[in-house]
There are 2 protein chains.
Amino acid sequence: MNTREKILDTALRLFNKSGTAEISTNHIAEAAGISPGNLYYHFHNKQEIIRGLFQRLYAIWDAGFLLPQDRKPTLEDLNTLVKANYQIIWEYRFAYRELVALLRQDAELHAGFLAVRQREYDGFHKIFNDFVAADILVEPEDPAAVEELMEVCWLISEFWVTNLEVNGRNVDETEMQLGVKLMLRVLQPYLA
Amino acid sequence: MNTREKILDTALRLFNKSGTAEISTNHIAEAAGISPGNLYYHFHNKQEIIRGLFQRLYAIWDAGFLLPQDRKPTLEDLNTLVKANYQIIWEYRFAYRELVALLRQDAELHAGFLAVRQREYDGFHKIFNDFVAADILVEPEDPAAVEELMEVCWLISEFWVTNLEVNGRNVDETEMQLGVKLMLRVLQPYLA
DNA sequence: GTCTATATAATGATAGAC
DNA sequence: GTCTATCATTATATAGAC
């Protein structure tokens with residue numbers, strides 16, 4: 001395997017296990033079975049490793065949020081999309097566990113995050129508009145309602161995994177499905 | 001001022017500004033205008049300072065979530081309660097920015113957090129049941145609904161400030177009120 | 001690309017005087 | 001309670017050989 005990728009894989013594993021503050025470049029090098037000098041040949045510093053992992057995360061998000069192009073989306077598509085998002089967040093959980101802290105101290109990271117999440121948010125937006133167009137979702141009287149309901153669903157999509165961790169719950173298929181269930185509960189009064 | 005309190009005040013300020021990983025005990029001592037040795041007289045190590053701040057946070061939560069005892073609660077009470085929660089989270093924002101990471105590496109901290117939040121959650125529970133009893137909230141057909149709606153509202157209460165920070169928004173009165181608005185949007189179909 | 005060896009700085013933490 | 005002085009350890013990062 002590519003040494004650069006091996007470093008990133010190892011860092012992801014250790015960061016997920018113990019957090020970015022606790023894991024030094026020496027730890028990563030040792031666990032990857034390479035020398036510290038070699039690690040610094042591939043990455044200038046620890047922050048660049050973190051950036052490399054975020055780049056991976058961004059690429060996965062951009063690849064994994066494709067909506068069906070040939071037909072109108074269904075509630076099942078929403079379910080699939082959100083659960084895929086939970087899986088990705090769980091795979092890169094170190095990033096979400098320290099998200100605000102990591103983004104605050106690296107403007108480039110933050111800019112990338114905002115851009116990627118805006119793309120996903122736009123896809124989310126589209127799916128909700130399609131729901132209204134397909135009469136899955138009944139257009140509420142208040143025109144601000146769809147927007148706000150979507151925002152609540154987005155919040156559940158972004159923070160459900162974190163919420164599970166904060167409350168010391170398992171992060172498994174069952175618990176993730178519960179997040180989707182809450183989302184559907186929010187939409188339920190507006191479903192045709 | 002009490003030296004111990006001065007250390008905690010200074011640590012809170014620096015942690016909020018730069019994060020717990022970036023701030024050393026030496027930084028705290030210097031900013032507090034005392035010697036490193038003196039800091040270690042009052043706290044055995046950095047983790048104890050973090051614990052001290054969490055203890056403060058827990059005390060504030062326990063003191064600030066009093067529901068009216070003499071009358072039935074109103075939607076205005078919910079508004080007040082949630083905004084007070086946002087203020088507290090903002091005041092101790094370092095804790096929420098790194099919440100999962102900090103709780104994961106300190107079992108005592110986590111146990112305390114779960115206990116305090118459970119008490120607030122119970123209060124949240126009570127207010128929702130009171131809403132139903134007072135016919136503010138119409139009992140939905142599905143008996144699981146009230147519980148799930150409440151859980152969504154709790155999620156908004158816990159993560160709205162984090163969401164603002166992640167998205168690079170200001171954390172001010174206007175934006176906080178938006179979080180409450182989303183909560184009311186979720187409840188709107190069930191309001192009498 | 002990869003290694004060993006090493007420089008430099010910072011960190012957490014303690015001892016002992018006042 | 002508070003200070004100064006100090007230590008052992010660790011972290012980041014680089015130089016130079018292979």
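The basis for the numbers below is simple: all heavy atoms, side chains too, and nothing from hydrogens, waters or symmetry mates. We name chains A, B, ... by the order of the sequence lines, and we start the count at 1 in each one.
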For residues 133-145 of chain B, which side-chain N or O atoms pair as donor and acceptor with protein atoms under 3.5 Å away, sequence neighbours left out?
| unit_1 | atom_1 | unit_2 | atom_2 | d |
| --- | --- | --- | --- | --- |
| B:Asp142 | OD1 | B:Ala144 | N | 2.9 |
| B:Asp142 | OD2 | A:Arg185 | NH2 | 2.8 |

Residues passing the side-chain contact (heavy atoms from CB on, under 4.5 Å) test with A:Asp122, sequence neighbours excluded, are A:Gln118

Outermost contacting nts on DNA chain D, any atom under 4.0 Å from chain A heavy atoms, listed 5' then 3', are D:dA11 to D:dT14

Sequence neighbours excluded, the answer for salt bridge (Lys or Arg N to Asp or Glu O under 4.0 Å) partners of B:Arg13 is none

Here the salt bridge (Lys or Arg N to Asp or Glu O under 4.0 Å) pairs for residues 17-44 of chain A, sequence neighbours left out, are none

In this structure, is the centre-to-centre distance between the rings of B:Tyr96 and B:Tyr92 below 6.0 Å? no

Heavy-atom contacts, protein to nucleotides 7-12 of chain C, under 4.0 Å, summarised as B (base), S (sugar-phosphate only) or - (none) per nt, yield ----SS

note: B:Asn38, atom CG; C:dT14, atom C1'; distance rounded to Å ~ 14 Å

Those residues at least two apart in sequence (or on a different chain) that pass salt bridge (Lys or Arg N to Asp or Glu O under 4.0 Å) with A:Glu98 are none

In numerical order, the residues of residues 4-19 of chain A whose heavy atoms come under 4.0 Å of DNA chain D are none

Hits for side-chain contact (heavy atoms from CB on, under 4.5 Å) against A:Ser35, two or more places apart or cross-chain, chain-then-number order -> A:Asn38

Discussion item. Within the 3.5 Å criterion, strictly below it, is a donor on A:Asp106 or A:Gln47 matched to an acceptor on the partner's side chain?
Written reply: yes

Sorted by chain and residue number, the side chain to side chain donor-acceptor pair (under 3.5 Å) partners of B:Gln69 (sequence neighbours excluded) come out as none

Open item on the list: Run the side chain to side chain donor-acceptor pair (under 3.5 Å) test on A:Glu147 and A:His125 for me, step by step, so that the C-alpha distance in whole Å, both residues' side-chain angles and the decisive distance to 0.1 Å come before the verdict.
Closed with: CA-CA 8 Å; A:Glu147 192 74 26; A:His125 211 271; 3.0 Å; yes

>> Can you confirm if the NZ or CZ of B:Arg117 lies within 45° of the ring axis of B:Trp61 and under 6.0 Å from the centre of its six-membered ring?
In response: yes

Taken in chain and number order and not counting sequence neighbours, the residues that satisfy salt bridge (Lys or Arg N to Asp or Glu O under 4.0 Å) with B:Lys126 are B:Asp130

Terminal axes of the helix from C:dG1-D:dC18 to C:dC18-D:dG1 (5 end pairs apiece), angle rounded to 10 degrees, sit apart by 0°

